[in-house]
Amino acid sequence: MYDREYTVDRYINKPTNDIMSYLRLGYVVGSIGYVPKSILDVGYGSGNFLQTCAGFIDCVYGNDIPPAFSLPKEIPFVENITDLEVDVITFFDSLEHFPDIEFVKDLKCKYVVISLPWCYNGESDEWFLNWKHRRPDEHLWHFNEKSLAAFMDRQGYELVNFSNIEDKIRVDVNLKPNILTACFKKR
């Protein structure tokens, strides 16, 4: 399970934290075409991405499950993500952990950015059962580019773009795209 110890061991004080945060912010800005005035990061982990955003974006908010890391006082914690209206809501490595993801249709934002493990259709049952990103009771949803686009379309969002930009940092030894990152615009 993703707890504080797991997060500290994997993500805190890693040399790639700042690089990943700037890469993600660059993806957001490049995808929507401007620096947003407000952003909410759901599943903020260490808060590194939010701290990076705070240097460029006027209103920065975070949400995570308890016991979440404390955010700096200038970055408010948002209890209910469907209550806040912002330009962009990001789900970096978090949407696949929610038991029910239908709430996406109720988000009050212009854009949603999602990154998650890239699940390939047509692979064998054995491949899926042994897939490094398959974590029963943790990764509850598995998407590829088509299934994520179809889900988001049903929620009222149109695809802006897909990428595997995070693979520049998080490399898969199989040389297939590993992390699917996508930007969607609310219709």
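On a predicted model such as this, the values are computed, not experimentally measured, just so you know.
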Would you compute the distance between atom [atom1] of [X] and atom [atom2] of [Y] and round it to the nearest 0.5 angstrom?
X: S31; Y: F162; atom1: OG; atom2: CZ; result: 11.5 Å
X: L95; Y: S115; atom1: CG; atom2: OG; result: 9.5 Å
X: I165; Y: I179; atom1: CD1; atom2: CD1; result: 12.5 Å
X: I89; Y: Y111; atom1: CD1; atom2: OH; result: 14.0 Å
X: H97; Y: L116; atom1: NE2; atom2: CG; result: 9.0 Å

With sequence neighbours excluded, tell me which residues meet side chain to side chain donor-acceptor pair (under 3.5 Å) with [X].
X: E102; value: Q155
X: T90; value: D41
X: N164; value: D167

When you compare the side chain of [Y] with that of [X], does any pair of heavy atoms fall below 4.5 Å?
X: I57; Y: V35; answer: yes
X: L107; Y: F91; answer: yes
X: I75; Y: Q51; answer: yes
X: V88; Y: I32; answer: yes
X: D64; Y: F69; answer: no
X: I114; Y: E96; answer: no
X: M152; Y: V104; answer: yes

Non-hydrogen atoms of [X] and [Y] that approach each other most closely:
X: R187; Y: Y157; result: NH1-O, 3.1 Å
X: V42; Y: S94; result: O-OG, 2.7 Å
X: W118; Y: S163; result: CZ3-O, 3.9 Å
X: V28; Y: P36; result: CG1-CG, 4.5 Å

Check: Restricting to pairs with a member in residues 29-57, which pass ring-ring contact (aromatic ring centres under 6.0 Å, His included), not counting sequence neighbours?
Finding: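 Output for this query lists F49-F92.
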Notebook entry, point to check: Among pairs that include at least one residue of residues 107-120, which meet salt bridge (Lys or Arg N to Asp or Glu O under 4.0 Å), considering only residues two or more places apart or in two chains?
Noted result: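 Non-adjacent pairs meeting salt bridge (Lys or Arg N to Asp or Glu O under 4.0 Å): D87-K110.
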Item checked: Pair listing, salt bridge (Lys or Arg N to Asp or Glu O under 4.0 Å) test, anchored in residues 76-85, at least two apart ->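 For residues 76-85: none.
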Next item on the list: Can you tell me which residue pairs pass the side-chain hydrogen bond (donor to acceptor under 3.5 Å, both in side chains) test with a partner in residues 20-30, sequence neighbours excluded?
Entry: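 Non-adjacent pairs meeting side-chain hydrogen bond (donor to acceptor under 3.5 Å, both in side chains): S21-N48, R24-D93, R24-E166, Y27-N161.
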Check: Checking side chain to side chain contact (heavy atoms under 4.5 Å, CB included) against T52, which of V60, L25, L23 comes through?
Finding: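 Of V60, L25, L23, side chain to side chain contact (heavy atoms under 4.5 Å, CB included) with T52 is met by L25 alone.
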Notebook entry, point to check: Who passes ring-ring contact (aromatic ring centres under 6.0 Å, His included) against F98, sequence neighbours left out?
Noted result: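 Listed in chain order: F103.
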Next item on the list: Under the salt bridge (charged side-chain N to carboxylate O under 4.0 Å, His left out) rule, collect the residues that match up with D58, sequence neighbours excluded.
Entry: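 Counting only residues at least two positions away or on another chain, D58 forms no salt bridge (charged side-chain N to carboxylate O under 4.0 Å, His left out).
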Notebook entry, point to check: For P76, what residues pass the side chain to side chain contact (heavy atoms under 4.5 Å, CB included) criterion, not counting sequence neighbours?
Noted result: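 Per chain and number, P76 pairs via side chain to side chain contact (heavy atoms under 4.5 Å, CB included) with Y61.
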